[in-house]
Structure formats: C-alpha cells, structure tokens
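Just below is one structure, and these are the notes that go with it.
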Protein chains: 2
Amino acid sequence: MSDIAALDKTVSPVEKFREYLVTKGQRLTREREIIVEEVFSDHEHFDTDQLVDRLSGRNDKRRVSRATVYRALSAMDEAGLLRKVARPNGREVWEHDYGYPQHDHMVCSACGELFEFHNDEISRLIEKITSAQGFLRTSHRLEVYGTCEACRRPQKRRLRKLDLI
Amino acid sequence: MSDIAALDKTVSPVEKFREYLVTKGQRLTREREIIVEEVFSDHEHFDTDQLVDRLSGRNDKRRVSRATVYRALSAMDEAGLLRKVARPNGREVWEHDYGYPQHDHMVCSACGELFEFHNDEISRLIEKITSAQGFLRTSHRLEVYGTCEACRRPQKRRLRKLDLI
DNA sequence: GTTATTGCAAACCATTTGCAAGTGT
DNA sequence: ACACTTGCAAATGGTTTGCAATAAC
C-alpha cells in the first residue's frame with residue numbers, strides 16, 4: 001500500500017483553509033486557525049462535542065465557543081478539509097478529507113466502532129457505473145454494516161458503547 | 001436485468017411485519033397495518049413528514065399520529081421492511097427494503113435528486129474485502145455525490161430544491 | 001474604516017418520551 | 001385481565017441563528 005505517497009500534502013491544512021476563505025471573501029481568524037490546528041493534530045474520527053472538549057480543556061487562551069466550532073466545521077467541509085463520515089448516534093462524525101487517502105468504513109452494529117478500509121477497485125467500479133449514467137461523480141460515501149471480528153467472538157465481547165451511558 | 005426475479009415477495013409486507021412483531025411479543029395494531037399499507041402503496045422515497053401528510057390527508061378514519069408513525073418506521077426498520085437511504089436536509093429519507101432489489105444511490109448536489117443504480121459486482125467486491133478483514137457484513141449504504149445529467153446541461157438546468165423554499 | 005466574525009443565549013426542529021386512556025390477544 | 005399501544009403535549013438534544021461587541025484586512 002503506497003497510501004503514504006498519496007498524501008501529497010504540499011500545503012498545510014491551515015494554508016489550504018486560508019486559500020478557500022479568500023475565494024469567499026472570508027477571513028482566517030485566530031479562532032479558525034486554532035480549530036484547524038486542533039483538528040489536524042491527530043487522525044482520529046471525532047464529533048463536535050469531542051472537539052469542543054479538546055478546545056475548551058486548554059489552559060492557554062485558545063478557547064473557542066461551540067457556535068464557532070460548528071461554523072468552522074461546516075466551512076472546512078466546503079473547503080474540502082473535512083468530511084462527514086457517519087452519524088452513528090445522532091451526532092455527525094467527522095474525519096480528515098485533506099492529506100488523507102480515500103477510504104470507506106465498516107460500522108460494527110454491536111460495538112459501534114468504525115473501521116477503515118481502502119480499495120481502488122471499488123472506486124474505479126463506482127466511477128465506471130455512475131459515469132455510464134451521465135453522472136459526474138465528485139465523491140462517495142460507503143458504509144458497510146455488520147459485526148466486527150472482536151464482537152463475533154462471544155467470550156471476548158467488546159462493550160457496547162451504547163451501554164456505557 | 002432480472003431484478004424483477006429478485007422480488008421474491010412470497011409474503012406481503014403486512015404479513016412480514018406481523019411475523020417480526022410476534023417474535024418480539026408485540027402486536028399488529030390497526031395503526032401499524034395502516035402505516036405499512038400506506039408506505040408500500042408506492043415505491044418512492046419518502047420522509048416522515050411526507051408520510052404523516054399522506055396519512056392525515058385521508059378522509060376515512062385511518063389517521064395515525066406523528067408519534068406512532070415514528071415508532072412504526074423504526075420497528076419496520078428493525079423488521080427489515082424499510083431502510084434509511086440518506087439524510088439530505090436534516091431529515092431521514094426512507095425506502096423499501098423488502099421486496100425491492102438491492103441498489104445504491106447517486107445524489108445530485110445541484111438539484112438534490114436521488115437516483116438509484118444497481119451493480120452486483122460492487123456488492124461482491126464489498127463482501128470480499130470486508131470478510132477478508134473478519135467483518136461479518138449484513139448490509140451496506142453507498143451514496144455517490146456529484147452532478148446529474150440534467151444539471152450538467154446549463155440551458156436545461158433543473159431547479160434546485162433548496163431554492164424552492 | 002468596513003465588513004466579517006465571535007460568543008452568548010435563545011431559537012429551531014426532527015425525533016423521542018412520559019403518561020393516562022384505549023386496545024389486541 | 002394483562003400487557004402492549006396510542007395520542008397528546010412536553011421534553012430532548014444536536015445544531016443554527018440574532019445581535020451587540022470585537023477583530024481582520
């Protein structure tokens with residue numbers, strides 16, 4: 001897998017965001033920069049609540065309000081930095097869409113965990129089929145539902161996230 | 001396309017629902033029957049609001065409350081009669097999952113329209129890839145985003161649903 | 001200096017839920 | 001009779017928004 005080669009990150013996420021904002025006559029504020037940096041500081045999936053926690057848990061003056069986080073995520077979506085992955089329990093889950101190779105997800109119905117997988121053939125097939133119908137594809141979202149390996153082994157059953165509430 | 005052959009509808013949706021309900025110690029009430037019949041009276045995608053309208057527009061005494069519709073849709077989902085297709089504008093869109101061949105969707109970003117397509121090879125490929133990772137697949141959801149044929153022709157541009165508000 | 005942006009709190013809105021009255025088996 | 005269901009209205013909860021103060025360019 002030469003996924004790493006696909007990274008091709010010539011411009012930092014913050015720069016990419018700035019570029020997008022200019023085209024819209026908008027501004028790269030301190031708050032937006034803080035959010036982009038926090039979001040791209042690791043590759044995990046996250047929801048808005050988790051991000052707000054990460055940001056408000058800081059003891060420096062880099063706190064950002066919840067409303068601004070929502071507004072920024074939506075702008076980063078339009079900018080092509082992020083994409084919505086799934087919506088397991090009523091809240092939108094996000095992941096990096098910039099500098100991260102294309103992939104899809106398996107969603108375990110037992111534990112709620114998301115697993116990534118990548119396959120070029122699927123993408124090629126999707127492109128072929130949809131373009132044959134005159135559709136100009138820009139992206140796709142594929143979620144496979146079922147039971148993950150860990151949850152299939154009764155003795156080592158994972159805790160359901162839902163039960164942790 | 002021998003999709004029709006795949007219909008294989010030996011049992012009516014209402015019967016199928018009853019069967020599911022018994023296994024759960026639940027009852028096929030008059031309201032649930034009304035809802036299943038209305039839902040399966042045509043093949044279009046629908047959201048809860050549209051269904052509630054269809055049901056409350058009736059002049060016979062087959063009206064059902066919104067709460068009951070929500071409860072029934074969720075039960076029909078578990079029963080395998082319906083599935084959630086997408087969530088274009090914050091509201092869940094449903095479609096038949098029983099007696100209707102497996103397929104995926106193209107979502108036009110310009111007009112918001114959903115288009116169905118079917119391809120066995122994709123399903124086979126998905127099965128192969130996910131099972132190789134120990135995942136026991138039960139279903140999947142594939143949405144391809146882009147621009148539909150009609151919206152690609154500027155002169156005959158479709159109206160954006162979003163602009164109709 | 002203008003115009004976009006932030007933070008707060010209130011508003012939104014699809015969906016869920018508690019409860020008393022009603023209904024299926 | 002005994003659950004299970006319904007309908008209503010109220011609650012929920014993630015997300016959006018109006019507005020006055022603030023900051024980017």
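Contact between the side-chain N/O atoms of B/Thr48 and the OP1/OP2 oxygens of C/dT15 is found at a separation under 4.0 Å. Dashed line: the shortest gap from a side-chain N or O of B/Tyr70 to OP1 or OP2 of C/dT16 is not under 4.0 Å. Considering only side-chain N and O atoms, A/Thr68 lies under 4.0 angstrom from the phosphate OP1 or OP2 of C/dG7.
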- Stepwise, does the side chain to side chain contact (heavy atoms under 4.5 Å, CB included) test hold for B/Ile126 with A/Leu142? CA-CA 10 Å; B/Ile126 289 172; A/Leu142 168 59; 3.8 Å; yes
- Task: Start with the C-alpha gap between A/His118 and A/Asp104, add the side-chain angles, then the distance that decides, and say whether side chain to side chain contact (heavy atoms under 4.5 Å, CB included) holds.
- Result: CA-CA 6 Å; A/His118 171 78; A/Asp104 299 299; over 6 Å; no
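Within 4.0 Å (heavy atoms only), B/Arg71 reaches at least one base atom of the nucleic acid.
In terms of hydrophobic clustering, with Ile, Leu, Val, Met, Phe, Trp and Tyr side chains grouped at heavy-atom distances under 4.5 Å, B/Leu55 and B/Tyr70 are assigned to different clusters.
Of the two residues near DNA chain C, B/Gly90 and A/Ala67, the one whose nearest nucleotide lies more 5' is A/Ala67.
The pair B/Glu15-B/Arg18 counts as a salt bridge, with a side-chain nitrogen and a carboxylate oxygen less than 4.0 angstrom apart.
One interatomic measurement links the two molecules: CZ of A/Arg63 to P of C/dG7, which rounds to 11 Å at whole-angstrom precision. Going from atom CD of A/Glu92 over to atom P of D/dT15 covers 7 Å, rounded to whole Å. The CZ-P distance, from B/Arg91 to D/dT15, rounds to 17 Å in whole Å. In this structure, B/Gln50 places its CD atom 12 Å from P of C/dT15, rounding to the nearest Å. Taking atom CD1 on B/Ile34 and atom P on D/dT6, their separation rounds to 10 Å, with Å as the unit. Between B/Arg87 atom CZ and D/dT15 atom C1' the separation is 10 Å, expressed in whole Å. The separation between A/Asp47 atom CG and D/dG13 atom C1' is 13 Å, rounded to whole Å. Look at CD on B/Gln26: it is 21 Å from P on D/dC2, rounded to the nearest Å.
The closest side-chain heavy-atom distance from B/Arg137 to A/Tyr145 is not below 4.5 Å.
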Distances under 3.5 Å only, N/O to N/O: pair up the protein atoms with those of nucleotides 23-25 of chain C.
{"unit_1": "C/dG24", "atom_1": "N2", "unit_2": "B/Arg27", "atom_2": "NH2", "d": "3.1"}
{"unit_1": "C/dG24", "atom_1": "N3", "unit_2": "B/Arg27", "atom_2": "NH1", "d": "3.3"}

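Rounding to the nearest 0.5 Å gives a distance of 9.5 Å between CZ of A/Arg27 and CZ of A/Arg32.
Contact between A/Tyr20 and A/Ala75 at its shortest, heavy atoms only, is CE2-O, 3.8 Å.
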